[in-house]
Amino acid sequence: MEEIYAKFVSQKISKTRWRPLPPGSLQTAETFATGSWDNEENYVSLWSIGDFGNLDSDGGFEGDHQLLCDIRHHGDVMDLQFFDQERIVTASSTGCVTVFLHHPNNQTLSVNQQWTTAHYHAGPGSPSYSSAPCTGVVCNNPEIVTVGEDGRINLFRADHKEAVRTIDNADSSTLHAVTFLRTPEILTVNSIGQLKIWDFRQQGNEPSQILSLTGDRVPLHCVDRHPNQQHVVATGGQDGMLSIWDVRQGTMPVSLLKAHEAEMWEVHFHPSNPDHLFTCSEDGSLWHWDASTDVPEKSSLFHQGGRSSTFLSHSISNQANVHQSVISSWLSTDPAKDRIEITSLLPSRSLSVNSLDVLGPCLVCGTDAEAIYVTRHLFS
Amino acid sequence: MEELDGEPAVTVIPGVNSKKNQMCFDWGPGEMLVCETSFSKKEKSEMVPSCPFIYIIRKDVDVYSQILRKLFNESHGIFLGLQRIDEELTGKSRKSQLVRVSKNYRSVIRACMEEMHQVAIAAKDPASGRQFSSQVSILSAMELIWNLCEILFIEVAPAGHLLLHLLDWVRLHVCEVDSLSADVLGSENPSNHGSFWNLVTILVLQGRLDEARQMLSKEADASPASAGICRIMGDLMRTMPILSPGNTQTLTELELKWQHWHEECERYLQDSTFATNPHLESLLKIMLGDEAALLEQKELLSNWYHFLVTRLLYSNPTVKPIDLHYYAQSSLDLFLGGESSPEPLDNILLAAFEFDIHQVIKECSIALSNWWFVAHLTDLLDHCKLLQSHNLYFGSNMREFLLLEYASGLFAHPSLWQLGVDYFDYCPKLGRVSLELHIERIPLNTEQKALKVLRICEQRQMTEQVRSICKILAMKAVRNNRLGSALSWSIRAKDAAFATLVSDRFLRDYCERGCFSDLDLIDNLGPAMMLSDRLTFLGKYREFHHMYGEKRFADAASLLLSLMTSRIAPRSFWMTLLTDALPLLEQKQVIFSAEQTYELMQCLEDLTSRRPVRGESDIQQLQDEDIETTKVEMLRLALARNLARAIIREGSLEGS
């Protein structure tokens, strides 16, 4: 982790996301999107990390990321997801959900679709609406699910003007994040420490399952699902704890791991290498959790290594073995902490790291100190 | 009050006619509100239509520059690093740390300057281009001053080394020479280039004698006639004794050698060795430290501090720090020659050469349009233990005063407030109160932002602010009919009164609708339930519903009764509770024991006897009372029947 590039961008970054690679593509990630918050004018921006080893025409340093294009965003960008290669969905503090379209030919962004009052408060007894921030969005082409401070869940479909499904009063407290469990089921986390599973096949506004932290009702801020094992879910809470859940069994987390000193804003399993997990926090730290470091694993890696695509070959030829190890790595209840290796990725901590994203060997994160950090050698 | 250092500048607000109307204003942190009143200036009482606008006047405009934001953010990290430098560190390691910090600050200024320069070049309209260019020159002046302060106050270089640092300083800031050198060397025949001798002279003026020698060898190659004297000059340049960092020779040795070399130069001058070549002759004079010869090169020197350093280099290379101010003053006077008066930058540099730190900071505060520079420089110098004796007449010391000003400016900005927090943290006297006052005034448009503000307060044990922020959020939630959220916030604030209020709303909604909303929250209150009696009641009452639903009737009954007898249930709710007891009383098996039934009856009597007697009543009220009376009658009947059954059962159980 020697090469991590920082760039100050004059806006507080609330979200960073890699653009997904076309299926079957062998290239590495090179474009990411960011959203800003708490500025007088907020922007959604697209950045390129450019060609490696080439000096940019305007004298940019090698590895420095360059702005491709940006567009004004009304309100804070609360969440941001790529819908597909060209489209970006954003959640706004004004309760609006917007789909932006990227035109690669002339490098511009434009508004493609908008649901302006996706989230709102209905005043007591009055028909007047006041907007409520939309806090989370998740996409699974063609569906878009949003959650907000109004405790509402919306299911949109690209190209449909109205919401396909709305669950009013889905939660009495604020919903902080949402993710797909397995279609058509979604998972939400809220500000009283609950994990709720919703099934869109069911009518009514009751969740099909509620899981919760016991006792302290610590708010949960983020959630991510294991890419291969859909019942394994990681959440991050206000006290900086990382919780691993098995949604098939029990209503309590399988393990609670002491992590950051303040709110954990995001947690992500590595999409193709799920023994690795990444978290970032209000305390200004960014951590890499490596659960693949038990001894037999190491040796098998060693024997098969020597090829450039170590991880790939390893996971294909050793499918069963990996499967086993993943289960034990995140779900084992015996002192798992001993076997998880944690590395801090940022040199000095100051202001909050609000967002991170991983894709292949690349990682990007954005902070309140108005810096974007990028590294392209995550596992070197 | 201290006397003013100069007339305050007049700011004209476009669109406001202060001649005609009286103005009114109000101070804010870092900014001011100004508007016209409807009162005329003349004493006549006629009302003049006034300007319908309120103006916000900002002093620290630099905070709003997009590019300078990078300076603020990046230097924030350096500032924090500096505060964490171990106080225990002393001597060399501490000094090298501080020098490193100072260099980091300067590199951030430089990076900003370069970006600003790029923007200025790319600017489309000349007005904004000019604006950016002026920012560039301000940044460059800032870096110049900072660098000099670093040499004089932080590095504290001793005699000999001092001059080497000053030479570096001049080379860094008078950098036209590099492009000129590239230009000359790039031409076909360098020695015939129009600026060839200018370049050589500048190299000599900056003490870059090795490069000057290489240039001269080019001249020697081109014109064999002057090859001889060029070689002599080259030898003089080569043999000039200088102090190199790794050298162990003492200062006296150096002085002796230098004196020797100087005399040798003098001899060449008297022998008129270079008389055939005026360029070389003038170079020799420069190397002899001849003031007149130096002043002839005013154009190439470009400013007085370059003149000062060159003059020292060739007349007194082992100058002591204490003597600097004498040379500085005289160099300034000689260079300006009474033609122009010194500018603010000159005064600041002069003050630095005089080692008058306070004057430097004062002049910078007046001349610069932001607090960033003085705040950070003062803080750094304070860490060098240079400012400790100085106290201001208004409470805190100068470092703290400047940091407070800077941080307040950051808080006035809609998004830089997070940086300000850390600066307040390192102001021991007034930082905390300032933070308390500022933090409450941050607009909270999303819960996420509120959480960030709350985290700041909680880390600093600012309980009062935590409570007030949570209360604001709870009130907002109530207004939006989000009772669950409201309750969560009041639990977080440990605000018992508000929790009671929200609980009452829940109970009222229950009475009206017959069912609870937000069950996911109420059912999971846990220990938070103990916050207020009403909340405890709410939680316990839900527990009763659960037990009833699970058909644990005996447990449910005793819980229900205890809610009343322990007086946790509000009296207004007793009727509802008693009504809830009805189905339990009507069950086939006996649930309430005789004793419990007595207690229930006691509660009912308590309730009915204390019922206020109303004087006049309308039809609606009469109807309500009617229903109430029927309820009471039903309850009495049920209680009596239950009592009878209970007595029989208990009697028969004892008997068997």
Side-chain angles (χ1 to χ4, degrees), chain A residues 6 8-12 14 36-40 58-59 75-76 78 93-94 121-125 130 132-133 135 149-151 169 171-174 176 190-194 196 207 210 212 214-217 219 221 238 261-263 265 282-283 348-352 354 367-371, chain B residues 64-74 76-77 79-81 84 108 111-112 114 118 413-419 421-422 445-449 451-452 455-456 458-459 476-485 487-489 491-492 505 517-528:
Chain A
F8 287 86
V9 293
S10 295
Q11 47 187 341
K12 293 202 270 195
S14 56
S36 73
W37 78 286
D38 203 30
N39 295 307
E40 279 178 301
D58 54 342
D76 295 348
M78 302 291 288
S93 61
T94 60
H121 292 298
S130 68
T135 52
E149 278 184 21
D150 54 355
N169 265 327
D171 206 306
S172 58
S173 47
T174 298
H176 281 146
N190 69 11
S191 65
I192 53 172
Q194 293 171 327
K196 294 184 182 176
I210 299 183
S212 67
T214 43
D216 295 338
R217 313 173 337 112
H221 288 296
Q238 179 152 290
E261 284 159 23
E263 286 86 351
W265 290 127
E282 176 73 20
D283 68 6
S348 66
R349 58 167 62 176
S350 61
L351 294 184
S352 168
N354 292 325
T367 72
D368 274 346
E370 307 188 348
Chain B
Y64 295 86
S65 154
Q66 284 294 313
I67 296 169
L68 289 182
R69 269 177 86 155
K70 296 179 186 178
L71 174 70
F72 302 143
N73 274 294
E74 215 169 339
H76 167 256
F79 173 82
L80 287 184
R84 288 170 195 154
V108 177
C112 253
E114 262 150 41
Q118 296 293 331
H413 189 277
S415 47
L416 291 176
W417 54 273
Q418 276 169 305
L419 298 179
V421 175
D422 287 314
N445 51 336
T446 65
E447 282 190 12
Q448 174 134 350
K449 187 171 178 184
L451 287 171
K452 282 175 184 273
R455 176 60 63 181
I456 289 168
E458 279 172 358
Q459 275 169 348
K476 245 189 201 168
V478 166
R479 228 173 290 136
N480 289 326
N481 229 5
R482 301 275 302 153
L483 293 185
S485 260
L487 191 55
S488 291
W489 285 117
I491 289 171
R492 178 150 185 192
R505 277 281 297 269
S517 56
D518 302 335
L519 287 179
D520 50 352
L521 172 67
I522 302 171
D523 290 348
N524 288 291
L525 283 174

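Just so it is clear: chains get the letters A, B, ... in the order the sequence lines come, proteins before strands, and each one is counted from 1.
- Residue A/E263 touches chain B through both its backbone and its side chain, counting heavy-atom pairs closer than 4.5 Å.
- B/R505 and B/N481 share a donor-acceptor pair across their side chains, judged by distance under 3.5 Å alone.
- Residue contact with chain A, scored on non-hydrogen atoms closer than 4.5 Å, involves the backbone and the side chain of B/L451 alike.
- Contact tally against chain B (heavy-atom pairs below 4.5 Å) for A/A369, A/P133, A/S350: the top residue is A/A369.
- The candidate with the highest count of non-hydrogen atom pairs below 4.5 Å against chain A, out of B/E458, B/K449, B/R492, B/Q418, is B/Q418.
- Ranked by non-hydrogen atom pairs under 4.5 Å with chain B, the options A/M78, A/Q238, A/H221 are led by A/Q238.
- Only the side chain of B/W417 has a heavy atom closer than 4.5 Å to any heavy atom of chain A.
- The OG atom of A/S191 lies 7.0 Å from the CG atom of A/D171; values are rounded to the nearest 0.5 Å.
- Within the model, atoms CG of B/N480 and NE2 of A/H121 stand 4.0 Å from one another, a figure rounded to the nearest 0.5 Å.
- Put simply, CG on A/D150 and OG on A/S130 are 9.5 Å apart, with the number rounded to the nearest 0.5 Å.
- Ranked by heavy-atom pairs under 4.5 Å with chain B, the list A/P219, A/P207, A/A371, A/A262 is led by A/A262.
- Judged purely by distance below 3.5 Å, without hydrogens or angles, the side chains of A/S352 and A/E282 pair a donor atom with an acceptor atom.
- Heavy-atom distances place the side chain of A/D76, and not its backbone, under 4.5 Å from chain B.
- A side-chain donor from one of B/S415 and A/N39 sits under 3.5 Å from a side-chain acceptor of the other.
- Of the two parts of A/E149, the backbone and the side chain both hold a non-hydrogen atom closer than 4.5 Å to a non-hydrogen atom of chain B.
- For the atom pair OG of B/S488 and CD of B/E447, the computed distance is 8.5 Å after rounding to the nearest 0.5 Å.
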